[in-house]
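Basis for what follows: all heavy atoms, side chains included, without hydrogens, waters or symmetry-related copies.
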Amino acid sequence: MAEIIYDSIIIGAGPAGLAAALYNSRDRLRTLVLEKFYPGGQIMNTDRIENYPGFERISGTELIDKMYSQAKNFGAEFKMGAEVKNLTKLPDGKISINCGKESFTARSVILASGSDYRKLGVPGEDEFRNSGAGVSYCGTCDAPFFKGKKVVAVGGGNTAVEEALHVAKFAGELTLVHRRQEFRATKVLAEELMQKVNGSGGNIKLKLDTVVVAIEGDKKVEKVRLKNVKTNKEELLPCDGVFIFVGMVPNTSFLKGFVDLTDAGFVKCDVGFLRTKVPGVFVAGDCRTAAAMQLATAVGDGVNAAMMTKQYLRDHDWWNKPVSDALMPGKW
């Protein structure tokens, strides 16, 4: 049997990968999606999505089911349980994807492997996250659900401070917990935060030199257990929700040595066109540099990467022509 050469192989079946699969398959490109687990990624843990255009409210499961079925109905092929080990650029310009017991070959690849929220790793975190009962990693997504509530936010970097300021616009009271005395966020953000802490009418409180050691409650978050890292003294703080902003971990370890990664592991690309330094390899969604880490932008990335893939294949006329700078400007 002759080897199948796919026009496009997409690694990852989250929102970015599914959007790319839809566009590629509608363009009649032979498209294969490789997914380590099951379609959806992080969004599958979200019970209520209210900030995706076109849906006033939909669950992550419902939305992914629709996206998956739509891409599949247009001809995209899916292989679940396919853990990519490494990729190799072949002498003829194609890309070989090694999944251990089997490998696949494509003329182009879209990396859409996503990222995982960095966890605190404390008791109660997973319990109250998966049930939608009070643990969140996205203030932009979930702040409106805590209007007038008492919440705890954890972190000290730029994202943590920005997200805490956003959540505080909705919450009745927000306590920001940080393990150090000083914030890692830029001075401008730290000053804005302190204005909210010290200003009249401010609803933000600080717990510095402090870590969360447990998240507790019955069927939903009711309190957090805190510990001062200098005195080791513990206290219970009642709250209705916990926002965790301690970073992201990109799922890109299999890409080391193939594409360029940042020190944190995100795939480097030219943001406008989502090209990596490997010709024919594009990146979309939360695993790339400068990603907004939002559902809608991940889908937009998938569409953009698919459009760039089509142009790449067209310009190359199956590897015989250089990329047209007129159509794809910008050089590395």
* **Spatial distance of atom CD (Glu50) from atom CZ (Arg57) [nearest 0.5 Å]** => 4.5 Å
* To do: Let me see the working for Ile9 and Leu34 under side chain to side chain contact (heavy atoms under 4.5 Å, CB included), right down to the final yes or no.
  => CA-CA 7 Å; Ile9 288 181; Leu34 301 175; 3.8 Å; yes
* Asked: Do Ile5 and Val278 share a hydrophobic cluster (ILVMFWY, side-chain heavy atoms under 4.5 Å, transitive)?
  -> no
* Do Glu77 and Thr31 meet the criterion of a side-chain donor-acceptor pair at a distance under 3.5 Å? -> no
* **Side chain Glu125, main chain Gly121, donor-acceptor under 3.5 Å** => yes
* Structure fact -> In terms of heavy-atom contacts, Cys287 and Gly114 come closest through CB-O, 3.5 Å
* Intermediate values then yes/no, salt bridge (charged side-chain N to carboxylate O under 4.0 Å, His left out), Arg275 and Asp270 -> CA-CA 6 Å; Arg275 294 173 294 189; Asp270 56 346; 2.7 Å; yes
* Asked: Phe104 and Ser96: side chain to side chain contact (heavy atoms under 4.5 Å, CB included), yes or no, with the steps?
  -> CA-CA 6 Å; Phe104 305 89; Ser96 176; over 6 Å; no
* Donor-acceptor pair, side chain of Ser25 and main chain of Leu22, under 3.5 angstrom -> yes
* What's the spacing between Glu222 CD and Cys239 SG if we round to 0.5 Å? -> 9.5 Å
* Ile244 reachable from Phe128 in the ILVMFWY side-chain graph, under 4.5 Å edges -> yes
* CD of Glu102: more than 12 outside heavy atoms within 6.0 angstrom? -> yes
* Around atom NZ of Lys72, are there more than 12 heavy atoms of other residues, nucleotides or ligands at under 6.0 Å? -> no
* Can you check whether Tyr68 and Phe78 have ring centres sitting under 6.0 Å from each other? -> yes
Table please: side-chain donor-acceptor pairs of residues 173-189 below 3.5 Å, with sequence neighbours left out.
unit_1	atom_1	unit_2	atom_2	d
His178	NE2	Glu182	O	3.0
Gln181	NE2	Asp209	OD2	2.6

* **Leu274-Met307 co-clustered via ILVMFWY side chain contacts under 4.5 Å** => no
* Structure fact -> Sequence neighbours excluded, the answer for salt bridge (charged side-chain N to carboxylate O under 4.0 Å, His left out) partners of Lys227 is none
* Asked: So how far is it from Met293 CE to Cys138 SG, rounded to the nearest 0.5 Å?
  -> 10.5 Å
* Between the side chain of Asn228 and the main-chain N/O of Lys230, is any donor-acceptor distance below 3.5 Å? -> yes
* **Side-chain touch Leu226/Glu234, heavy atoms, less than 4.5 angstrom** => no
* **Evaluation steps, salt bridge (charged side-chain N to carboxylate O under 4.0 Å, His left out), between Arg225 and Glu216** => CA-CA 7 Å; Arg225 185 175 297 276; Glu216 301 177 358; 3.0 Å; yes
* Asked: Do the side chains of Pro279 and Val281 get nearer than 4.5 Å, heavy atoms only?
  -> no
* Do Ile110 and Val283 touch side chain to side chain, with heavy atoms closer than 4.5 Å? -> no
* Asked: Hey, are the side chains of Ser108 and Tyr6 touching, using non-hydrogen atoms and a 4.5 Å cut-off?
  -> no
* **Worked check of ring pair (Phe, Tyr, Trp, His ring centres under 6.0 Å) between Phe145 and Phe170** => CA-CA 8 Å; Phe145 302 136; Phe170 297 86; 9.7 Å; no
* **Check: Ala296 main-chain N/O paired with Gln294 side-chain donor or acceptor under 3.5 Å** => no
* To do: Kindly compute the distance separating NZ (Lys150) from NZ (Lys205), expressed to the nearest 0.5 Å.
  => 6.0 Å
* Could you tell me whether the side chain of Thr105 reaches within less than 4.5 Å of the side chain of Ile97, counting heavy atoms only? => no
* Do Gln70 and Asn73 come within less than 4.5 Å of each other through their side chains, counting heavy atoms only? -> no
* From Val135, Val212, Val213, Val211, residue fulfilling side chain to side chain contact (heavy atoms under 4.5 Å, CB included) relative to Leu120 -> Val212
* To do: Could you walk me through whether Ile11 and Val33 pass side chain to side chain contact (heavy atoms under 4.5 Å, CB included), step by step?
  => CA-CA 6 Å; Ile11 300 175; Val33 182; over 6 Å; no
* Between Arg30 and Asp7, is a salt bridge (charged side-chain N to carboxylate O under 4.0 Å, His left out) present by the stated rule, with each step listed? -> CA-CA 5 Å; Arg30 183 155 194 180; Asp7 295 312; over 6 Å; no
* To do: Could you tell me whether Tyr23 atom OH has more than 12 heavy atoms of other residues or ligands within 6.0 Å of it?
  => no
* Please check if the side chain of Asn304 supplies one atom and the backbone of Gly272 the other of a donor-acceptor pair under 3.5 Å. => yes
* Asked: Angle class for the Tyr52/Phe55 ring planes (parallel below 30°, perpendicular above 60°, tilted otherwise)?
  -> parallel
* Within 45° cone of Phe266 ring axis and under 6.0 Å: Arg288 NZ or CZ -> no
* Is there a donor-acceptor pair under 3.5 Å between the side chain of Asp240 and the backbone N or O of Val151? -> no
* To do: Answer yes if the side chains of Ser103 and Asn98 hold a donor-acceptor pair under 3.5 Å, and no otherwise.
  => no
* To do: Please lay out, stage by stage, how Val167 and Phe243 fare under the test side chain to side chain contact (heavy atoms under 4.5 Å, CB included).
  => CA-CA 9 Å; Val167 174; Phe243 286 85; 3.8 Å; yes
* To do: Say whether, by atom type as modelled, one donor and one acceptor occur between the side chain of Thr252 and the main chain of Leu255 under 3.5 angstrom.
  => no
* Under 4.5 Å between any side-chain heavy atoms of Met194 and Leu206, yes or no? -> yes
* Would you say the side chains of Asp142 and Ser136 form a donor-acceptor pair under 3.5 Å? -> yes
* To do: Please check if atom NZ in Lys223 has more than 12 non-hydrogen atoms from other residues, nucleotides or ligands closer than 6.0 Å.
  => yes
* Structure fact -> Sorted by chain and residue number, the side-chain contact (heavy atoms from CB on, under 4.5 Å) partners of Thr61 (sequence neighbours excluded) come out as Met44, Ser59, Asp65
* Aromatic rings Tyr117 and Tyr137: how do their planes relate, parallel, tilted or perpendicular, breaks at 30° and 60°? -> parallel
* Between Lys277 and Asp260, is the closest basic N to carboxylate O distance under 4.0 Å? -> yes
* Short N-O contact, Lys119 and Asp126, less than 4.0 angstrom -> yes
* Any donor and acceptor pair, going by atom type alone, linking the side chain of Lys89 with main-chain N or O of Gly93 inside 3.5 Å? -> yes
* Close side-chain approach of Phe254 and Asn86, heavy atoms under 4.5 Å -> no
* Asked: Taking atom CZ of Phe37 as the centre, does the number of heavy atoms from other residues, nucleotides or ligands within less than 6.0 Å exceed 12?
  -> no
* To do: Decide whether Leu18 and Met308 are clustered together by the hydrophobic rule: side chain heavy atoms of Ile, Leu, Val, Met, Phe, Trp, Tyr closer than 4.5 Å, transitively.
  => yes
* Asked: Rounded to the nearest 0.5 Å, what separation is found between the CD atom of Glu192 and the CD atom of Glu162?
  -> 8.5 Å
* Which pair of non-hydrogen atoms, one from Pro250 and one from Ser115, has the smallest distance, and what is that distance? -> CA-OG, 3.2 Å
